[in-house]
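Notes follow the structure.
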Amino acid sequence: MIRSTDGSAMPAITGFEETSAPGPRAGGIAARALGGGRPSPYLDKLNPEQRRAVETVDGPVLVLAGAGTGKTRVLTTRIAHILATGRARPGEILAVTFTNKAAREMKERISGLVGPSAEGMAWLGTFHAIGTRILRRHAELSGLRSDFTILDADDQIRLCKQIIQAEGLDDKRWPARQMHSLIDGWKNRGLTPDAVPLGEARAFANGRGADLYKAYQERLRVLNAVDFGDLLMEPIHIFRSHPDVLASYQERFRYMLVDEYQDTNVAQYLWLRLLAQGNRNLCVVGDDDQSIYGWRGAEVDNILRFEQDFPGAAVIRLERNYRSTGPILAAASHLIGHNEGRLGKTLFTEHEDHDAEKLTVASAWDSEEEARAIGEEIESLQRKGKSLDEMAILVRASFQMREFEDRFVTLGLPYRVIGGPRFYERREIRDALAYFRVIVQPADDLAFERIINTPKRAIGEVAVKTLHDTARARQIPLFQAAIELTQTEELKPKTRTALKDLLASFGRWRSELDRLTHTELAEIVLDESGYTEMWRMDRSADAPGRLENLKELVRAMDDFESMASFLEHISLVMDTENDAGSEAVTIMTLHAAKGLEFDTVFLPGWEEGLFPHQRAVDESGQAGLEEERRLAYVGLTRARQRIFVWFAVNRRVHGMWQSTVPSRFLDELPEAHVEVREQGGYGGYGGYGESRFDRVEPFSSTYSTPGWERAQRRKAGGAQRSREPMTIEGELVAKSVADHEPAFAIGARVFHQKFGNGTVSAVEGNKLTVDFDKAGRKRVLDSFVQKT
DNA sequence: ATATATCATGTTTTT
DNA sequence: CATGATATAT
């Protein structure tokens with residue numbers, strides 16, 4: 001078996017830790033201790049390419065690190081090397097990651113190499129955490145106070161809604177969600193309101209897109225708040241308008257490192273480039289084949305263009321894979337080879353593994369059977385002594401998870417779901433936090449509005465609207481408006497008393513702020529506000545869980561100094577403590593799996609429309625398809641030893657059964673390394689036993705199946721649509737099936753693969769209601785029936 | 001103001 | 001199907 005050499009934590013270097021006493025110059029001390037021509041022991045563990053990536057310290061470096069080639073090891077060792085050779089102190093290295101988890105891991109591993117001096121790495125963190133740090137220092141240059149609030153997606157959407165309404169627009173026609181994603185997209189690309197391309201700005205709200213964006217920004221300033229995008233945008237703005245500030249950071253950051261560079265967006269790129277213009281000691285590590293966040297603004301171009309942006313950059317390829325068996329690497333490479341526009345890497349392994357398993361491809365009648373079969377496979381592996389911790393099911397979309405959970409619950413098979421709603425995104429947690437936010441920051445209108453009538457206290461829509469009007473007219477925060485309105489007769493008596501009570505409570509809580517510990521106060525607030533009572537009275541199934549979460553929240557607060565520091569922290573670090581717990585199979589999305597590895601990987605749902613996802617192909621055409629393929633590549637390369645790819649011949653989509661077509665990605669796996677499981681399978685690969693369910697053509701001829709052609713047609717249509725401007729006279733064209741010709745008349749006889757023959761009784765767009773001779777009345781998509 | 005009915009909607013997700 | 005958001009009735 002091939003074990004990743006970077007899979008386990010690196011041992012601390014003996015003889016190194018003792019010499020590296022804590023302190024600002026620990027690196028220097030260590031360097032001296034290591035000096036005199038003594039080899040640096042940490043370098044011995046590296047292969048030649050890795051070593052080059054570590055030792056090429058000065059100037060721009062692009063490290064193209066394929067999956068499982070020791071990317072993290074290179075990054076951490078490089079930092080250790082810089083510290084150990086005394087080139088920089090811990091505080092002079094900028095190291096950026098995308099997730100808090102990655103940052104945490106990196107810090108831990110550096111500690112393992114250089115000892116406690118890693119703690120001094122104040123600038124190791126996510127783009128957003130570092131952006132926040134910079135922005136807090138120079139808040140006034142952005143019209144903010146340094147105690148600004150960071151809004152999350154939920155707050156942002158509510159703010160958008162308020163602005164849409166304030167502008168007198170119909171919030172039905174122009175959904176806040178859409179405005180939010182537009183603004184988000186613009187910020188991802190580093191665009192300020194006046195820089196938004198006209199065409200795009202026009203597409204929203206009758207051409208007022210950019211105005212709304214501007215209004216949104218102004219509103220943020222009034223609230224003394226920023227959104228995630230601002231955490232990058234504002235530092236860029238400060239750097240550009242204050243060269244002295246920029247220069248001080250350029251000087252400070254003697255070495256810069258970026259992880260997962262293929263995931264950077266334009267704003268992050270601009271931010272980095274400004275900082276790197278100083279000494280150009282920028283090292284980026286990434287894998288263009290693992291870029292799967294394009295839909296969120298990541299620009300693969302950033303990595304593809306690095307050499308042009310930083311002339312003279314050293315390019316180092318890490319292709320030696322320590323993770324997977326030959327067949328797995330061959331399959332992954334073959335599949336990704338179908339993409340164009342790659343920098344091109346070929347993974348290889350030096351290990352001869354004669355008994356390496358081929359990939360298994362299998363089919364199920366429907367998704368239920370797929371879950372059942374995978375459950376059986378897992379149990380069988382378990383009987384052979386394999387650990388559940390080393391097995392993962394990687395799905396394309398989270399709705400696929402449920403079927404597995406259901407099945408595993410009945411089997412009593414322990415599983416762990418990664419992803420899903422995070423702890424701090426849950427309703428009860430956000431409500432509780434809103435209370436705390438109002439206490440700490442009375443001007444936090446969004447928080448105040450969230451809980452003004454939660455629990456129900458007779459302050460309804462009308463009252464809130466009055467509050468808003470007053471606040472806007474007088475240019476004061478909602479809370480202030482509330483205070484003033486309780487002095488007048490404008491509100492209904494009942495509402496007025498309720499509001500008065502609430503305000504009085506807040507006054508009381510605020511005065512307790514320094515008398516009590518923040519955890520005590522939190523308990524009092526949740527109690528006195530009636531919030532816990534609300535859930536205790538709630539008879540629904542999830543109420544007890546919510547109460548439990550609230551307790552957990554208070555427990556978590558204990559780790560922080562004060563209420564304010566707690567709030568500061570959670571807006572950036574929104575990840576749940578992952579319960580290590582006991583042995584369990586992991587279920588997660590392919591996206592969430594990036595960076596992880598398992599002995600056994602199950603990849604269910606390889607069907608056209610689901611994977612590649614229809615929407616990715618429709619909305620982004622060829623680029624979308626290639627990103628889906630990279631996702632498949634990520635999935636395959638998570639496995640160390642064995643992979644089971646599955647597809648279901650029938651799948652329930654939005655409640656109705658649809659027959660499916662196997663994913664084109666299946667055809668892109670190399671036959672020599674794939675074993676098609678015939679037993680009990682559907683799909684008749686290789687012309688095997690024809691059954692009455694047989695509609696899936698053999699591998700080689702999938703391209704001629706009606707389904708594949710349909711997919712191609714859809715793709716062509718989709719690509720066309722997305723190339724054309726999305727607007728006609730400033731109006732967004734509905735993305736739906738406007739171009740759909742009603743191909744079926746009422747009374748037409750049709751045939752459906754699952755339900756057999758029937759008569760069309762109603763047509764509604766592309767949805768048909770069909771009375772089937774055997775199966776009764778069903779609603780089906782027209783693309784799944786044929787005229788007879 | 002709030003409880004209930006009806007309706008549209010439906011990837012991937014960090015910060 | 002299942003959820004959330006909005007219209008309607010109480």
Side-chain angles (χ1 to χ4, degrees), chain A residues 96-103 125-132 150-157 161 171-172 175-177 181 184 187-188 226-233 260 263-265 267-268 291-298 367 394-403 418-422 424-425 427 453-464 491-492 494-495 498 542 569-576 588-595 605 609-620 624 627-628 630-632 634-635 651-657 735-736 779:
Chain A
V96 205
T97 63
F98 273 85
T99 65
N100 292 302
K101 193 172 155 225
T126 63
F127 274 104
H128 298 269
I130 291 168
T132 309
I150 301 165
L151 304 184
D152 63 24
D154 209 77
D155 293 322
Q156 291 170 45
I157 291 168
K161 190 162 188 169
D171 59 349
K172 287 274 187 331
R177 293 193 69 80
S181 71
D184 217 51
K187 289 190 175 180
N188 282 158
V226 295
D227 62 18
F228 286 120
D230 287 343
L231 294 175
L232 292 164
M233 292 279 284
E260 306 277 17
D263 287 337
T264 50
N265 61 34
Q268 287 157 341
S291 161
I292 54 174
Y293 285 106
W295 50 274
R296 183 167 101 179
S367 49
L394 310 181
V395 298
R396 170 69 248 258
S398 42
F399 73 81
Q400 292 173 262
M401 293 179 178
R402 240 198 57 176
E403 209 111 38
I418 309 281
R422 263 159 295 285
Y424 291 107
E425 277 167 14
R427 182 141 68 95
N453 200 30
T454 310
K456 301 258 184 288
R457 47 170 74 89
I459 304 170
E461 239 177 287
V462 217
V464 173
L491 295 171
K492 285 206 295 218
K494 196 160 54 161
T495 310
D542 52 350
H569 206 72
I570 56 143
S571 46
L572 279 178
V573 188
M574 293 277 264
D575 57 352
T576 324
M588 65 179 137
T589 63
L590 287 160
H591 282 93
K594 194 170 71 163
L610 176 59
F611 193 36
H613 200 281
Q614 194 59 57
R615 217 159 136 176
V617 179
D618 280 350
E619 287 175 9
S620 315
E627 182 153 311
E628 295 286 294
R630 290 193 291 267
L631 202 47
V634 166
R651 190 173 289 275
R652 196 162 34 187
V653 182
H654 306 326
M656 57 187 170
W657 284 97
K735 292 188 298 211
S736 63
R779 300 238 298 165

Problem - For A:Ser367, side-chain hydrogen bond (donor to acceptor under 3.5 Å, both in side chains) partners two or more places apart - result: A:Glu403

What are the atom names and distances for every N/O pair under 3.5 Å that joins the protein to nucleotides 6-8 of chain B?
none

Problem - Whole angstrom value for the distance that separates C1' of B:dT13 from NE2 of A:His591 - result: 8 Å

Practice task
Go through the structure and list residues passing salt bridge (charged side-chain N to carboxylate O under 4.0 Å, His left out) with A:Asp263, not counting sequence neighbours.
Solution key: A:Lys594

Practice task
Could you tell me the separation between the CG atom of A:Asp154 and the C1' atom of B:dT13, rounded to a whole number of Å?
Solution key: 15 Å

Handout entry: Plane angle bin for A:Phe228 and A:His128 - parallel if under 30°, tilted between 30 and 60°, otherwise perpendicular
Key = perpendicular

Exercise for the section: Answer with base, sugar-phosphate or nothing: what part of the nucleic acid does A:Lys187 contact at a heavy-atom distance below 4.0 Å? Expected result: nothing

Problem - Short side-chain N/O contact to B:dT13 OP1/OP2 from A:Thr589, under 4.0 Å - result: yes

Practice task
Measure from NE2 on A:His613 to C1' on B:dT13 and round the result to the nearest Å.
Solution key: 14 Å

Exercise for the section: Name the nucleic acid region contacted by A:Arg402, choosing base, sugar-phosphate or nothing; use a 4.0 angstrom heavy-atom cut-off, strictly under. Expected result: sugar-phosphate

Exercise for the section: Describe the nucleic acid contact of A:Lys494 in one word from base, sugar-phosphate, nothing, applying a heavy-atom distance below 4.0 Å. Expected result: nothing

Practice task
Please state whether the phosphate of B:dT15, meaning OP1 or OP2, lies under 4.0 angstrom from any side-chain nitrogen or oxygen of A:Thr132.
Solution key: no

Handout entry: Which residue lies more 5' along DNA chain B, comparing A:Thr126 with A:Thr495 via nearest heavy atoms
Key = A:Thr495

Practice task
Output yes if the stacking criterion (under 5.5 Å between centres, under 30° between planes) is met for A:His128 over the base of B:dT15, else no.
Solution key: no

Practice task
Quick one: list whatever passes ring pair (Phe, Tyr, Trp, His ring centres under 6.0 Å) with A:Phe611, sequence neighbours left out.
Solution key: A:Trp606, A:Phe665

Exercise for the section: Using a 4.0 Å heavy-atom cut-off across all strands, classify A:Val653 as base, sugar-phosphate, or nothing. Expected result: nothing

Handout entry: Residue A:Ser398, side-chain atoms from C-beta onward, closest of B:dT14, B:dT12, B:dT15
Key = B:dT12

Exercise for the section: Return no unless some side-chain N or O of A:Asn453 is found under 4.0 Å from OP1 or OP2 of B:dT2. Expected result: yes

Exercise for the section: Name all residues meeting the ring pair (Phe, Tyr, Trp, His ring centres under 6.0 Å) criterion together with A:His613; count only those two or more places apart in sequence or in a different chain, and write none if there are none. Expected result: none

Handout entry: Counterpart residues, side-chain hydrogen bond (donor to acceptor under 3.5 Å, both in side chains), relative to A:Asn265 (two or more places apart)
Key = none

Exercise for the section: Provide, to the nearest angstrom, the distance between the CD atom belonging to A:Glu627 and the P atom belonging to B:dT13. Expected result: 13 Å

Practice task
Can you figure out which of B:dT12, B:dT15, B:dT2 approaches the side chain of A:Asn100 most closely?
Solution key: B:dT15

Completion exercise
A:Asp152 atom CG is separated from B:dT15 atom P, nearest whole Å, by 12 Å

Practice task
Starting from P on B:dT13, measure out to CZ on A:Arg396 and report it in whole angstrom.
Solution key: 8 Å

Exercise for the section: Looking only at side-chain atoms of A:Ala397, point me to the closest of B:dT15, B:dT11, B:dT13. Expected result: B:dT11

Handout entry: Partner residues of A:Arg402 under the salt bridge (charged side-chain N to carboxylate O under 4.0 Å, His left out) criterion, sequence neighbours left out
Key = A:Asp406

Problem - salt bridge (charged side-chain N to carboxylate O under 4.0 Å, His left out) involving A:Arg651 - partner list, sequence neighbours excluded - result: A:Glu370, A:Glu607

Problem - Integer-rounded Å distance: B:dT13 P and A:Asp263 CG - result: 13 Å

Completion exercise
The residue, A:Ile459 or A:Trp295, whose nearest nucleotide of DNA chain B is more 5′ is A:Ile459

Completion exercise
Per side-chain contact (heavy atoms from CB on, under 4.5 Å), A:Phe127 is matched among A:Leu231, A:Thr132, A:Thr264 by A:Thr264

Fill in the blank from the handout: Under a 4.0 Å heavy-atom criterion, DNA chain C is touched by chain A from C:dC1 to C:dA7

